[in-house]
Structure formats: structure tokens, C-alpha cells
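What follows is one structure encoded as C-alpha cells, with my remarks underneath.
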Amino acid sequence: MLLTKWGKNLDCEHPLQEYPRPQFVRDSYINLNGKWNFAITKEDRLPTAYPGNIIVPFSPETPLSGVSRVIHPDDNLFYQRNFTIPEGFNKGKVFINFGAVDQVAKVWINNKFVGEHIGGYTPFTFDITKFLAHEGDLNSIIVQVKDYSDTSSYSRGKQKIKRGGIWYSPQSGIWQSVWLESTPKEHLSSVKITPDFDKKTVEFEYFGTDDVEVLIYDCGELIADTTKHIVEIPDAKSWSPESPFLYDVEFKACGETIKSYFGMRKFSLGIDEKGVKRLFLNNEPYFHNGLLDQGYYPDGFLTPPSNDAMEADVLFAKAAGFNMLRKHIKIEPLLWYHYCDVHGILVWQDMVNGGGEYGLEVSVIPFVGITLDDRNYRNFHRSDLAGRKMYYNELNETINHLYNCPCIAMWVPFNEGWGQFDSAKVYKLLKEMDPTRVIDTTSGWHDMGASDVVSKHIYFTPIRVKKSSRPYVLSEFGGFSMRVENHTFNDKMFGYKIYKTKESLTKAYSRLFNKTIIPQIKDGLSATVYTQLTDVEDELNGLMTYDRAVSKIDIDELRKINENVKL
């Protein structure tokens, strides 16, 4: 069993205790992570007994859950635990929050049905006030989960029941934090924060109540105290990877004070002084030099063994001289985006897709110059109307969930044709929902023309940048592999080019960048996403091993190369 250093030191009674929503912080917080009871049945009804224990929020398939058992599509997974509401905690309403549950979740409090959520990667909240026992008395929570993995149209990311190669172990159930919070009966439920870099203002859109006082701080100094929705920022300081400055915010509403933050930055397209279309940051051409980041761990799979583990990944990328991470087919806990905000890492955020089987023909056809029309749903195994509706629902949930994160520079709705459909329509919808970010609509291939960038995945053929009316981004490339003994998930190996020593891998990586990538930046190359940050199961093409214990290329060498990966 391969464990990270954080997994080896896991506090099973109190895992992942940090407040999970740094973009909207209340002082009301009861963490429910830890040991729960669980049962697996074939019957779709509440069980009479819970014979096992599981460590939440680790999926039952993971080593850190203490279970290590695969949940199949015909299984029903049930969680149960008791909790009490301390005296004085209830201010009027009590909510239960789930960071993510894969794929379909139903919740009961004290044997009374509360609600259902569909979608394995987005958070959800239920008002449980009326279901609770008196303060100090025992309450019971039950969560039922159904996970169909890749046998249905539900979003599944890169999970597959028959894992292998680029497809990873299936997982199910609760895989992000569970916690309680309380608010007054009338309360501020959320805020949408939109900085305007050009006007040096920030706009606040309130939900739940409009009677809000906002206080803005610059390094602890109060610079604004107002009830206005649009606030001028004097001598505004910009946010960028080189200077990730964040303004602190307090919202005072309905007797509560809620804390947040924002960054003054602008993502756009423009033409540089040589007439080349580029990605722009804060009105200047800016090269995005990044890594593909799957966010998997050998001991927790999608769930980090600790929040320090998430921050360590971000700090590695930063120290190595990268300024961007492409979060690939996963939505992280909000703390991960917070670490990118604080340390200064741009994020390209992939949507998590579902649909039918990701047919091999979708991936092979582009290599012979054929682009499939994604309005023909059969081409991409997207004939299921309910599945397409679920995609739009989760698209909306994802944008609303992550909108306030300053680090997110680009949305990526579809990758390599997986679950792709109506991409031009999706592009237009995304622009309406969020005009502040750039969009790579169809990463890799099957470009229907509605995208802000030309996006290419190149592993096997020569990399040759072609000038375009859109910025040219190499959204996947590299994938150089090397096995580090005693630091692999199994004895298998997937990679695009195989190297046996650290020296040969370093030379190949250096040659790729110095001879191919850097010379083509002047020709129009505007961004690169090297595959990848860490090994993942069979894939041994990470700059770090799967357990994050070994860097395959010295970080100083990476930083030296990256100093020249710029405009």
C-alpha cells in the first residue's frame, strides 16, 4: 500500500478539520468528519443495522477510509452518525453542508427525509432546523449514496470500474468535508464578488438579504465602509502570480459578520506589439506556463489526506517556476483554490463530464484530420437528454461555486470530446454566466469554432505552432515517464516516452522546452500545460511521484528552465 506522509499521520478521529470555505467564513462551525457507521446493502431502504465503520470524508474504496471496498452500481451505501447541537449554537437556522458526495445522495435527520442531491463533484446544503431534537439531545444523520460510476450519464471524471492506463480507480460516497453551521432566520446566504480592474472598483451582489454593510481592508487598514454595491478601491493593487495581493472583506448583515477576500485582476484577450493574439493578464500579454493537475492521492484518491497536502502541491508548482495549474476533470475542495489565491497560481478549471462511453473513435479520428460535429449527439455518446440536462445543472453549480476565486483564469467545458455536445451553445452560455474569464471550450480537439483559444493536445507528433486569430495554447503535451522504485501505485507503467534515470529524464525535459517550446513562443504559442504534476496510478509521467515523496527533476533545474518560458 502506497501512503503519503500525511496519510501515515492521519488523525482518524478528526481528519480535515480546517474550515472548508475560506471565501465565505462564518464563525458558526461544527465539523462532522471522522468515524461514521456504515452499511452496504442491495435493498433501497434504510438498514436496521450498520455493521462497519468508515472514516469520513474518505471514500470506502480508499485506504484511508479503513474500508477498501468498491461500491458497485447495484449497491446502496449508507452512512450514519449521531451528533448534538450545543447550547447557543442555533441562531435561528441550522444547515448541514456537504463538500461533495459521489454521485447521488439522500439525507435523513432523525429518520425524516431532508433532501436529495445529484452530482458527485459539487457541494450542497440542506436546512435541517425543523428536523432537529432539542439542544443537547442526540440527533441522527443518515446519508444514502448511489454511485453508478461509468455505467450511466452521471458525471464521473476519470473514474472507471475497470481502471487502468489513463482511467483511475472508482470511488464513491462522501469525499469532501461535512459540517454544520447556523445563521439567523434572515441571513446573507451568499455573495457574488466581481472586481473591475479597469474601473478600479469591486461589485458585490447579495443573496438572502440586501441590507449589508461591507468593510474592505488593505493589509489590515480599513479602506472602505459602505452599503454600496459598487465600491471604488483607492490606489488599487493588482493580483498576479508575481504579486498575489488580496483584499480582505467583512460583510455585516442580520447580526452576523462574514469574512471573505478578493483580488483585483483581469483576464482577457489582446494583440501584442508584434500583432500576435495573446492571453492577457491585467491588460498585458501574459504567458501561462502550467502543469496538468489531476488532484489524486494514493491513499485518499480524490480526497487529500490533509489540507497541507493540497497546499504542498501548489507550493511545489510555485517553487518550480510554474504560474498555472490546469485542474483536470475534478473540482477541488475550496481550500485548494484558496492556496492558489494566496500563493499566486493561475487555474484553468475543467468541468467534470459524464455521458455515455468515451468511445475510442472520438480520440482517434482527430489524428486523421476529422472533426466531429457535436450537435450530432450520437457522435459523442450524448443521446441521453437527462444526462445533457445534468451537465447544464452542474455547469451552473460549478460556476456559482468557484466564481469568487481570484485564481481561476479559464473555464474548460469539454476535454478530448469526452461527453461533448453543443459546445458552441455552452460557450455562449458560459460567456453570459461569467464574462470575466477566458474559455477553452474544447480542449484537445473537435473545435466547433466557438472558443477563445486554439487548444491542442500533442504527445506523438512534432509540436508546430500555427498563427491564428485566436491565442494558440498547448493545453496538453509532454508526459515523459520514469519509474521510481518503492514510490509507485502498482507494477504497471503508462507514459508517452519512457526514461530510466533522473539524468535522462531531465535532459529530455530540458531539450523539449529549450529546443521546441521556448523558440515557438515568439511565433504565437501563448500557454503550455505539461503532463503532469504527479504520477497517478498507472501513469508515471509526473514531475513528482504519486506519494509526493520524490521530485523526478530537481526543482532548481525546473525553475531555471521556467525563467525563460515567458513572453
Side-chain angles (χ1 to χ4, degrees), residues 10-36 55-58 79 81-101 105 107 109 114-115 117 122-141 143 174-191 193 207-209 212 215 248-261 303-308 310-311 332-339 341-342 401-402 404-405:
L10 181 72
D11 180 353
C12 293
E13 298 294 332
H14 306 96
L16 297 162
Q17 293 295 295
E18 291 89 341
Y19 190 89
R21 194 182 55 207
Q23 296 82 359
F24 199 70
V25 180
R26 283 193 161 92
D27 61 6
S28 168
Y29 178 56
I30 297 177
N31 188 293
L32 295 182
N33 293 342
K35 189 177 292 184
W36 290 48
I55 306 303
V56 169
F58 299 102
Y79 296 80
R81 69 159 288 170
N82 297 324
F83 65 93
T84 58
I85 299 296
E87 185 177 352
F89 179 81
N90 187 348
K91 303 174 185 177
K93 286 183 176 292
V94 176
F95 295 90
I96 188 166
N97 298 286
F98 294 85
V101 181
V107 178
I109 298 291
V114 173
H117 179 264
T122 50
F124 57 98
T125 299
F126 293 130
D127 180 351
I128 61 172
T129 313
K130 66 181 181 181
F131 303 103
L132 294 172
H134 294 295
E135 287 185 350
D137 290 345
L138 209 60
N139 295 277
S140 169
I141 176 174
V143 181
I174 299 171
W175 67 272
Q176 287 191 31
S177 289
V178 185
W179 80 99
L180 301 173
E181 66 180 340
S182 184
T183 71
K185 290 183 178 179
E186 182 181 352
H187 61 278
L188 181 63
S189 57
S190 63
V191 180
I193 305 174
F207 299 88
T209 180
V212 182
L215 290 76
D248 292 317
V249 184
E250 291 181 349
F251 302 107
K252 294 184 179 295
C254 306
E256 288 188 297
T257 298
I258 301 166
K259 297 180 180 180
S260 187
Y261 62 87
T303 309
S306 82
N307 290 307
D308 288 343
M310 288 194 293
E311 186 172 24
E332 290 284 4
L334 280 171
L335 274 161
W336 182 85
Y337 301 93
H338 177 68
Y339 298 138
D341 293 337
V342 169
H401 178 48
L402 300 178
N404 288 346
C405 301

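When reading the values below, keep in mind they use all heavy atoms of this one structure, side chains included, and skip hydrogens, waters and symmetry mates. Worth saying up front: this structure is predicted, and the values here are computed from it rather than measured.
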Taking [X] for the side chain and [Y] for the main chain, is one N or O donor matched with an acceptor at less than 3.5 Å?
X: Thr257; Y: Lys252; answer: no
X: Asn97; Y: Pro123; answer: no
X: Glu87; Y: Gly136; answer: no
X: Arg81; Y: Gly34; answer: no
X: Thr84; Y: Leu138; answer: no
X: Tyr19; Y: Arg26; answer: yes

Any side-chain heavy atom of [X] within less than 4.5 Å of one from [Y]?
X: His117; Y: Thr122; result: yes
X: His401; Y: Tyr337; result: no
X: Glu250; Y: Ile258; result: no
X: Phe83; Y: Ile30; result: no
X: Phe126; Y: Ile109; result: no
X: Val143; Y: Val178; result: no

Checklist entry - For the residue pair Tyr261 and His338, is the inter-centroid distance of their aromatic rings smaller than 6.0 Å? => result yes
Checklist entry - Between the side chains of Lys91 and Thr183, is a donor N or O closer than 3.5 angstrom to an acceptor N or O? => result no
Item to check | Side chains of Glu18 and Asn307, donor plus acceptor under 3.5 Å | outcome: yes
Between [atom1] on residue [X] and [atom2] on residue [Y], distance to nearest 0.5 Å:
X: Ile96; Y: Asp127; atom1: CD1; atom2: CG; result: 11.5 Å
X: Trp336; Y: Met310; atom1: CH2; atom2: CE; result: 9.5 Å
X: Thr125; Y: Glu181; atom1: OG1; atom2: CD; result: 6.5 Å
X: Ile174; Y: Trp36; atom1: CD1; atom2: CH2; result: 4.5 Å
X: Leu132; Y: Leu180; atom1: CG; atom2: CG; result: 8.0 Å
X: Ile193; Y: Phe251; atom1: CD1; atom2: CZ; result: 4.0 Å

Item to check | Enclosure of Lys259 NZ (heavy-atom neighbours >12, cutoff 6.0 Å) | outcome: no
If I compare all heavy atoms of [X] with all of [Y], which pair ends up nearest, and what's the gap?
X: Ile85; Y: Asn90; value: CG2-N, 4.5 Å
X: Ser182; Y: Ser28; value: N-OG, 2.6 Å
X: Pro57; Y: Ser177; value: CB-N, 4.0 Å
X: Pro20; Y: Leu334; value: O-CB, 3.5 Å
X: Trp179; Y: Arg21; value: CZ2-NH1, 3.9 Å
X: Cys405; Y: Asp341; value: C-OD1, 3.9 Å

Next on the checklist: Run Phe58 and Leu10 through side-chain contact (heavy atoms from CB on, under 4.5 Å) and show every step you take.
Outcome noted: CA-CA 11 Å; Phe58 299 102; Leu10 181 72; 3.9 Å; yes
Next on the checklist: Which label fits Phe124 and Phe98: parallel for a plane angle under 30°, tilted from 30 to 60°, or perpendicular past 60°?
Outcome noted: parallel
Checklist entry - Just one of Asn31, Thr303, Leu335 clears the side-chain contact (heavy atoms from CB on, under 4.5 Å) bar with Leu16, so which one? => result Thr303
